[in-house]
Asks: 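Sending over a structure as structure tokens; questions will come in a sec.
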Amino acid sequence: MRAPVPPLLCATGLIVVALATFQPLVVAAALLGALGLLLVAPAPRGLMLRLAAFSALALVVLNPFVAVEGEHVLYAGPSLWLIDLEVTSEEVLYGIGSGARLATAILATAGFLRLADPDRTHALASRLVPRSALTVALAARLAPTLQRDAGALAETLRLRGSGPARGRRQLIRRGALLIEPLVASSLDRGIDISEAMVARGYGGGPLTRLPEPRWTSGERVAAGAGVLLLTVGAAVIVGLVSYDSYPTAGPLLSSAALWVASVSVAAGAVGALALRSRS
Amino acid sequence: MSSIELNHLRYRYAATAAWAISDATLRVDPGEIVLLEGESGSGKSTLLRLLAGLAPAFHGGEAAGYGMVAGVELRTAEPAQLAQRVGFLFQDAETQGVMAEPLRDVAFSLQCHGRTAAGILPAARAALSVVRAEHLIGRRLDQLSAGERQRVALAAVLAPEPAVLLLDEPTAQLDDDTACELVGELRRLADRGLTILIAEHRHDRVGHLTDRVLGLQAGRLVPGAGASPLETLASSELVDGPALLELVGLTVGRRAHPVLREVTASLRRGRVVALIGANGSGKSTLLRTLAGLDPALAGSVQVCGQDVTRLAAEERVPQLAFVPQDPGRALLCDTIRAEVMLGPRTLGLSERAADAALVALELSALAARNPRECSVGERERVAIAAAMALSPTVLLLDEPTRGMDLRHRARLVAALRRQADLGGVAVVATHDLSLARACADERWLVADGHVHCDHSAGEAPA
């Protein structure tokens with residue numbers, strides 16, 4: 001597990017770059033960097049990869065049917081209430097860009113959460129936002145606990161003889177059976193954890209700050225890469241790369257876009273590799 | 001001045017008319033160890049929570065009467081203020097951890113107590129060494145076994161050196177060696193002036209070191225009855241025939257880190273096996289693999305002559321039923337009866353076995369209650385009854401006696417013997433050697449990555 005600041009800088013930098021422009025090359029570079037960050041993080045990664053892919057795909061599929069933009073018509077169908085059945089290449093491209101940006105945000109955040117030491121993240125949060133430390137600690141403890149509870153409930157169902165759901169109706173019925181105990185146990189867990197924290201003296205006075213270990217060389221390199229990504233993102237925001245999706249999509253290649261994409265990919269790769277090298 | 005002084009202290013949960021603790025009057029002097037006995041659900045955990053200031057603060061309800069703990073009056077004190085002087089170990093160690101790594105978690109207690117930064121990590125290491133958990137430093141708390149988590153939770157409570165220690169079943173998940181050392185350490189701490197109140201069903205482990213034994217009956221404090229051993233029941237005569245459970249060269253654990261290698265063992269009908277071994281030795285992993293929840297890395301599992309190695313858990317049911325560790329956290333239905341009937345109804349089996357299980361484990365009177373409102377021991381019994389309701393040939397139980405009083409442990413022994421008498425087998429992973437002595441025909445010792453089978457005796461090692 002790493003100090004939280006270097007992966008946080010890398011993840012934030014990649015998200016800023018992705019959100020600063022719709023230029024496809026730059027967004028693709030940020031997406032690659034975010035993917036790299038998650039791939040060097042400890043397993044499990046499958047759930048987040050699937051979530052990112054599903055969310056991106058949903059945007060790609062939905063956008064042409066909710067947007068009424070673009071000049072190059074690929075398919076023209078009847079117009080229904082709230083649904084536009086005219087699909088343009090610009091709408092498709094915009095959907096792909098939106099999906100890639102969303103996927104970048106999901107993958108980079110997941111990479112940060114898997115790479116950063118949760119205890120050091122909690123300590124950092126306590127320093128930065130002392131009044132929210134309890135919320136941060138509760139959230140940090142609750143997420144994995146609820147994940148385990150959900151797994152245990154699903155196991156109990158299997159041990160009572162329920163196999164994998166066959167068909168949508170069975171899946172819904174199975175889900176409904178698990179929702180009530182999961183909600184009840186999550187409420188219980190919230191109380192349990194806050195009770196445990198108070199029983200251990202939390203809230204009785206200021207917390208002593210533990211001395212944090214020095215950053216390793218890898219963490220310093222990753223922090224540098226993160227700062228570079230943030231700088232690139234800021235440069236894109238102030239206009240280094242401009243791109244219009246509508247009414248016609250801008251050019252895919254420009255020297256500024258190529259430059260920004262190259263730096264983003266390189267910084268993302270260096271950051272990811274530097275964070276991996278410590279494990 | 002007493003460390004604990006209660007005068008007609010009462011407490012009842014919200015929306016209930018009956019007092020969970022009624023008229024508790026008690027004085028405990030500094031350096032005294034008091035053992036609190038009582039049946040599952042008698043109010044032991046509630047009394048400890050009341051003394052730690054956690055009830056009614058976190059559980060609602062109403063308290064009345066006078067209570068003073070470590071010089072702090074309960075009526076006026078904030079829980080966090082009390083926590084500066086009172087250490088509290090929860091029955092469920094899993095809920096006690098706040099941080100993700102053991103050393104950090106123990107250090108958290110010291111941080112909350114305002115210790116100087118330089119002294120925190122050495123003190124946290126020292127507390128972990130008291131409970132023989134130094135080797136867990138650097139691992140993730142959520143990947144530890146239940147016994148290992150309990151050691152860390154204990155260290156976190158001991159580290160700030162409180163004036164009063166309230167322990168709710170501190171040895172329930174510990175192996176005998178660790179429990180013995182812990183109890184010795186508690187005695188040493190008490191000799192230095194620490195006051196300790198322990199709620200514990202395992203009288204055999206802590207009884208000899210306590211100064212006084214108190215009982216809780218229907219919320220009232222009464223003199224304790226003391227220890228009585230679990231009665232040993234005769235072995236089944238059905239010991240011939242083919243093996244019902246057979247493990248052949250079974251390797252379990254994670255691919256990168258096998259826990260047990262090449263386990264070969266077999267079990268004929270009518271046998272009850274106690275699976276014993278230190279915390280983290282691999283007992284739970286073995287049972288989970290037998291149940292089909294974790295994959296076998298190598299070898300095979302046969303039930304009634306059929307190779308089930310590649311079958312999923314749900315396909316091994318009802319021939320094989322499994323109750324995992326801490327099953328009370330994963331109950332699905334809103335009444336005990338529905339929970340126990342769920343398996344038979346899902347599989348279209350007769351409900352007679354479910355009714356018999358409710359009776360055998362004394363749950364009939366509670367059948368309409370929501371299991372989430374029950375005590376840990378009661379929930380444990382519900383999960384066992386739900387497994388027995390499937391009329392399995394092979395019954396696997398992982399630490400089934402947690403939170404269970406002597407009477408209900410005796411009922412469990414009888415139920416296990418009945419499982420054997422009906423021609424089935426049972427494998428019980430347990431640290432409770434009195435349970436092993438009372439019901440097991442064989443003991444399988446899990447140690448050093450292997451399972452050593454002793455088919456000769458129910459007599460477990462001391």
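So you know, we letter chains A, B, ... as the sequences are listed, proteins then strands, and number each from 1. Side-chain atoms are counted along with the backbone in the values below, which use heavy atoms only and exclude waters and symmetry mates. Bear in mind that the values here come from a model prediction, so they are computed numbers and not experimental data.
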Asks: Of all the residues in residues 319-326 of chain B, which have a heavy atom that comes within less than 4.5 Å of a heavy atom in chain A?
Replies: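 The residues closer than 4.5 Å to chain A, in numerical order, are B:Phe322, B:Pro324.
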Asks: Among B:Glu315, B:Arg316, B:Arg345, B:Glu339, who wins on heavy-atom pairs under 4.5 Å with chain A?
Replies: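 Answer, by heavy-atom pair count under 4.5 Å with chain A: B:Glu339.
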Asks: Can you tell me how the ring of B:Phe108 sits relative to the ring of A:His122, calling it parallel under 30°, perpendicular over 60° and tilted otherwise?
Replies: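 Correct class here is tilted.
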Asks: So does A:Arg214 pair up with A:Glu219, basic N to acidic O under 4.0 Å?
Replies: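 The answer is no: the pair does not qualify as a salt bridge.
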Asks: To the nearest 0.5 angstrom, please state how far the CD1 atom of A:Ile193 sits from the OH atom of A:Tyr202.
Replies: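 Interatomic distance, A:Ile193 CD1 to A:Tyr202 OH, rounded to 0.5 Å: 13.5 Å.
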Asks: Listed by chain and number, what are the side-chain hydrogen bond (donor to acceptor under 3.5 Å, both in side chains) partners of B:Arg139, not counting sequence neighbours?
Replies: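 Expected list: none.
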Asks: Answer with side chain, backbone, both or neither: which region of B:Ala107 has an atom nearer than 4.5 Å to a non-hydrogen atom of chain A?
Replies: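 Side chain only.
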Asks: Between A:Arg2 (side chain) and A:Ala116 (backbone), is there a donor-acceptor pair under 3.5 Å?
Replies: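 No, A:Arg2 side chain to A:Ala116 backbone: no donor-acceptor pair under 3.5 Å.
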Asks: For each of A:Arg209, A:Arg158, A:Glu180, tally heavy-atom pairs with chain B at distances under 4.5 Å, and name the one with the top tally.
Replies: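 So the answer, after comparing A:Arg209, A:Arg158, A:Glu180, is A:Arg158.
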Asks: Less than 4.5 Å to any heavy atom of chain A: does that hold for the side chain of B:Val106, its backbone, both, or neither?
Replies: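 Backbone only.
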Asks: Which region of A:Leu157, side chain (C-beta onward) or backbone (N, CA, C, O), has a non-hydrogen atom less than 4.5 Å from a non-hydrogen atom of chain B, or is it both or neither?
Replies: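 Contact with chain B involves both backbone and side-chain atoms of A:Leu157.
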Asks: Nearest 0.5 Å, please: how far is CG in B:Leu54 from OG in B:Ser45?
Replies: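 Answer rounded to 0.5 Å: 11.5 Å.
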Asks: Checking B:Ser109 against chain A: side chain, backbone, both or neither under 4.5 Å from a heavy atom?
Replies: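 Its backbone and side chain both get close to chain A.
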Asks: For residues 79-92 of chain B, which side-chain N or O atoms pair as donor and acceptor with protein atoms under 3.5 Å away, sequence neighbours left out?
Replies:
residue: B:Gln81; atom: OE1; partner: B:Glu78; partner atom: N; Å: 3.4
residue: B:Gln84; atom: NE2; partner: A:Gly201; partner atom: O; Å: 3.3
residue: B:Gln84; atom: NE2; partner: B:Cys112; partner atom: O; Å: 3.4
residue: B:Arg85; atom: NH1; partner: B:Ala70; partner atom: O; Å: 2.8
residue: B:Gln91; atom: NE2; partner: B:Glu169; partner atom: OE2; Å: 2.9
residue: B:Asp92; atom: OD1; partner: B:Glu94; partner atom: N; Å: 3.1
residue: B:Asp92; atom: OD2; partner: B:Arg329; partner atom: NE; Å: 3.2
residue: B:Asp92; atom: OD2; partner: B:Arg329; partner atom: NH2; Å: 3.3

Asks: Checking B:Arg115 side chain against B:Leu110 main chain: does a donor-acceptor pair fall under 3.5 Å?
Replies: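 Checking the backbone N and O of B:Leu110 against the side chain of B:Arg115, no donor-acceptor pair under 3.5 Å is found.
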Asks: Does any backbone or side-chain atom of A:Asp117 lie under 4.5 Å from a heavy atom of chain B? Answer side chain, backbone, both or neither.
Replies: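 Looking at A:Asp117, nothing touches chain B.
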Asks: Among A:Ala199, A:Pro211, A:Gly151, which residue forms the greatest number of heavy-atom pairs with chain B at distances under 4.5 Å?
Replies: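 Top option by heavy-atom pairs under 4.5 Å: A:Ala199.
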Asks: May I have the list of side-chain donor-acceptor pairs in residues 288-295 of chain B shorter than 3.5 Å, sequence neighbours left out?
Replies:
residue: B:Arg288; atom: NE; partner: B:Asp294; partner atom: OD2; Å: 3.1
residue: B:Arg288; atom: NH1; partner: A:Glu155; partner atom: OE1; Å: 3.0
residue: B:Arg288; atom: NH2; partner: A:Glu155; partner atom: OE2; Å: 2.7
residue: B:Arg288; atom: NH2; partner: B:Asp294; partner atom: OD1; Å: 3.4
residue: B:Thr289; atom: OG1; partner: B:Thr285; partner atom: O; Å: 2.8

Asks: Roughly how far apart are B:Gln96 CD and A:Glu195 CD, rounded to 0.5 Å?
Replies: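 One gets 10.0 Å once the value is rounded to the nearest 0.5 Å.
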Asks: Counting heavy-atom pairs under 4.5 Å to chain A, which of B:Gly343, B:Ala330, B:Ala387 comes out on top?
Replies: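 It is B:Ala330.
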Asks: Hey, which of A:Leu207, A:Asp149, A:Ile191 has the most heavy atom pairs under 4.5 Å with chain B?
Replies: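 That would be A:Leu207.
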Asks: Which bit of B:Leu347 is near chain A, if near means a heavy-atom gap under 4.5 Å: side chain, backbone, both or neither?
Replies: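 For B:Leu347, side-chain heavy atoms alone lie under 4.5 Å from chain A.
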Asks: Could you tell me whether A:Arg200 and B:Asp105 have a side-chain N and a carboxylate O separated by less than 4.0 Å?
Replies: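 The answer is yes: the pair qualifies as a salt bridge.
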